[in-house]
Amino acid sequence: MTHPSVPPVHVRLFAGLREQAGWGERLIQLDARPGAQRTTAADLWRQLALDGGPGEEGAELPATVRVAINQAFAAPDSPLSPGDEVAFLPPITGG
Amino acid sequence: MSTTSPVRPAAPIVVQLLEAPFQPLERLAAWQRSLAAEGPDATSSAAESHFIGRVRPTTAAGEPLEALELEHYPGMTEAQLRSLAEACAARHGAGAVLVAHRVGRVRPGEAIVLVAVQADRRGPALRCVQELLEDLKHHAPFWKREWSGGRGTWVAGNTPL
């Protein structure tokens with residue numbers, strides 16, 4: 001059960017993660033029922049089965065994948081708020 | 001919520017993400033002209049250090065490289081580069097900082113990154129350039145994909161220092 005008035009979370013994937021998942025952006029409705037446990041970035045990773053193919057739900061967020069919430073690095077166990085932009089970032093290779 | 005330091009250094013920080021090939025020496029000259037136009041500041045510009053990184057002609061596996069593709073996170077990449085540069089300049093007491101970084105498809109031999117730092121002495125200028133370069137290689141969201149033989153491979157990690 002979702003509340004249509006609650007803005008969804010905007011999930012973004014980059015580089016190899018995006019290609020592995022087959023999508024780069026998705027809107028996800030958090031469980032906004034009163035008393036519901038707040039969803040974390042790591043929860044979302046498991047729910048979206050981002051570590052494997054369909055049906056492999058449950059794999060943990062690997063230590064090599066970093067999380068950004070609203071375009072700033074964040075801990076994987078940070079609770080998400082409606083309207084947040086949460087990104088999963090594979091190992092960075094800049095410069 | 002803000003991740004920026006409450007004490008902002010007075011030094012100007014210039015961050016540029018470039019989608020087309022650039023000439024680092026021309027960028028450097030333009031940056032120096034713009035700083036000079038802001039007025040002479042003898043204490044902050046006695047030393048200046050630069051780093052130019054270019055794309056090497058081979059892949060990590062030793063194959064001929066056709067191009068390096070640079071993906072980034074629009075918005076976060078610029079903000080992160082600025083924040084890293086501000087923090088580095090503040091740690092070393094450095095002055096003005098320039099970071100120019102390519103995005104998109106970069107060919108072998110082309111410049112991919114330019115870092116320049118002004119300070120009142122060589123130590124802070126040299127140290128800040130090296131540290132900022134390492135910081136951005138690991139903490140500014142960029143991802144490299146090597147193209148060779150028509151196939152693209154995401155690069156797993158940075159080359160050793």
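Side-chain atoms are counted along with the backbone in the values below, which use heavy atoms only and exclude waters and symmetry mates. This one's a predicted model, so the numbers in the text were calculated from it and none came from an experiment. Proteins get letters first, then strands, A, B, ... in listed order; numbering begins at 1 in each.
- For the pair B:Arg145 and B:Glu71, the salt-bridge criterion is not met [side-chain N within less than 4.0 Å of a carboxylate O].
- Two residues are said to be in side-chain contact when any heavy atoms from C-beta on lie closer than 4.5 Å; A:Val67 and A:Phe88 meet this criterion.
- At least one side-chain heavy atom of B:Pro12 sits less than 4.5 Å from a side-chain heavy atom of B:Leu35.
- Annotation: maximal heavy-atom pairing with chain B below 4.5 Å, among A:Ala68, A:Ala87, A:Pro90, occurs at A:Pro90.
- Listed in order of number, the residues of residues 23-31 of chain B that approach chain A to under 4.5 Å between heavy atoms amount to none.
- Of all residues spanning residues 154-161 of chain B, those with a heavy atom less than 4.5 Å away from chain A's heavy atoms are B:Trp154, B:Val155, B:Ala156, B:Gly157, B:Asn158, arranged by number.
- Exactly one of B:Val15, B:Leu70, B:Leu17 qualifies for a side-chain contact (heavy atoms from CB on, under 4.5 Å) with B:Thr77. That residue is B:Leu17.
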For residues 96-103 of chain B, which side-chain N or O atoms pair as donor and acceptor with protein atoms under 3.5 Å away, sequence neighbours left out?
residue: B:His101; atom: NE2; partner: A:Gly95; partner atom: N; Å: 2.9
residue: B:Arg102; atom: NE; partner: B:Leu18; partner atom: O; Å: 3.2
residue: B:Arg102; atom: NE; partner: B:Ala20; partner atom: O; Å: 3.3
residue: B:Arg102; atom: NH1; partner: B:Glu110; partner atom: OE1; Å: 3.2
residue: B:Arg102; atom: NH2; partner: B:Glu19; partner atom: O; Å: 3.4
residue: B:Arg102; atom: NH2; partner: B:Arg105; partner atom: O; Å: 2.9

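- Ranked by non-hydrogen atom pairs under 4.5 Å with chain A, the options B:Glu69, B:His72, B:Met76 are led by B:Met76.
- Contact record, B:Pro64 with B:Ser148: O-OG, 2.7 Å, taken as the closest heavy-atom pair.
- Counting heavy-atom neighbours within 6.0 Å of A:Arg18 CZ, excluding the residue itself, gives a total above 12.
- For B:Ala79, no part lies under 4.5 angstrom from a heavy atom of chain A.
- Note: the hydrophobic cluster containing B:Val55 does not contain B:Trp147 (ILVMFWY, side chain heavy atoms under 4.5 Å, direct or indirect links).
- The hydrophobic clustering, which links ILVMFWY residues whose side-chain heavy atoms are closer than 4.5 Å, places A:Leu44 and A:Leu50 together.
- In this structure, the side chains of A:Pro8 and A:Ile28 stay at 4.5 Å or more apart for every pair of heavy atoms.
- For the residue pair A:Arg38 and A:Ser81, a side-chain donor N or O sits within less than 3.5 Å of a side-chain acceptor on the partner.
- A:Arg12 places none of its side-chain heavy atoms less than 4.5 Å from the side chain of A:Val86.
- At a heavy-atom cut-off of under 4.5 Å, chain A is reached by B:Leu136, B:Lys137, B:His138, B:His139 from residues 129-139 of chain B, listed in order of number.
- In this structure, the side chains of A:Leu48 and A:Trp23 come closer than 4.5 Å at one or more pairs of heavy atoms.
- The backbone N or O of A:Glu60 sits nowhere less than 3.5 Å from a side-chain atom of A:Arg46 that would complete a donor-acceptor pair.
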